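Shown next, in structure tokens, is the structure this report addresses.
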Amino acid sequence: MTATRIAIVFSLAAGIAGAAQAAVSGALGRRVGTVGAAGLGVVLAAVLVVALALALGRGGSILSAVHQPFWLWLGGLFGATVVLAIAYAPPRIGTFATVALLIAGQLAAGAAIDAFGVLGSPRIPVTLTRATGLVLVAAGAALTLKR
């Protein structure tokens, strides 16, 4: 299997896992509170990823990351924001709406990041086709709030 196909399958699997994570984290958040649920999720994810890095013989890459520019560490902050949101939102607006809004936000931010080439990304213009897709996703996300 090519690296591209692996990336596609992995991305789809992550999307499925993300929706399931929102449902589970929302349920845990109802029981123990948003911060507790998010904290447990972040700790478990960190332990799993560190164990995987060590098992693959890449533990040194974690130490190397500490010596990179601080702005490259923002991924952890952004990840914590996602985890907090999916622990808070599903009990209030539903898993479907939470995931739809998360995806709409990701696509809007992705389009801006591509358009301006920020955060280390190459510049990729927002074409009319891409902008139309973004508007349709945003409209779909807004519709998920209707019950």
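As the structure is a prediction and not an experimental result, all values here were calculated from the model.
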Is it true that Val99 and Val82 fall in one hydrophobic cluster, defined by side-chain heavy atoms closer than 4.5 Å? no

State, to 0.1 Å, how close Leu84 and Ala38 come at their nearest heavy-atom pair, and which atoms those are. CD2-CB, 3.5 Å

Please walk me through it: do Leu48 and Leu52 pass side chain to side chain contact (heavy atoms under 4.5 Å, CB included)? CA-CA 6 Å; Leu48 177 64; Leu52 182 62; 5.6 Å; no

Joint hydrophobic cluster, Ile8 plus Ile16, side-chain heavy atoms closer than 4.5 Å: no

Joint hydrophobic cluster, Leu102 plus Leu134, side-chain heavy atoms closer than 4.5 Å: no

When you group the ILVMFWY residues by side-chain heavy-atom contacts below 4.5 Å and let the links chain together, are Val135 and Ile113 in the same group? no

I need the minimum non-hydrogen distance between Gly94 and Arg147, along with the two atoms involved. N-NH2, 3.7 Å

Does Ala22 offer a backbone N or O that forms a donor-acceptor pair with the side chain of Ser25 under 3.5 Å? no

Between Ala100 and Ala141 the two heavy atoms that sit nearest each other are O-CB, 3.6 Å

For a 4.5 angstrom cut-off between non-hydrogen side-chain atoms, does Leu145 reach Leu101? yes

Do Phe78 and Leu72 share a hydrophobic cluster, counting only Ile, Leu, Val, Met, Phe, Trp and Tyr and linking them when any side-chain heavy atoms are less than 4.5 Å apart? yes

Is Asp114 close to Arg130 at the side-chain level, that is, under 4.5 Å between some pair of heavy atoms? yes

Has Thr132 got a side-chain atom pairing as donor or acceptor with Leu128's backbone, closer than 3.5 angstrom? yes

CG-OG1 distance between Leu28 and Thr34, expressed to the nearest 0.5 angstrom: 9.5 Å

Find out whether Val66 and Trp73 are in side-chain contact, i.e. whether some heavy atom of one side chain is under 4.5 Å from a heavy atom of the other. yes

Find the distance between OG1 (Thr95) and CD1 (Ile86) and round it off to the nearest 0.5 Å. 9.5 Å

Could you go step by step and tell me if Thr98 and Tyr88 meet the side chain to side chain contact (heavy atoms under 4.5 Å, CB included) rule? CA-CA 9 Å; Thr98 299; Tyr88 179 81; over 6 Å; no

Please confirm whether the backbone N or O of Leu54 pairs with a side-chain atom of Arg58, one donor and one acceptor, at under 3.5 Å? no

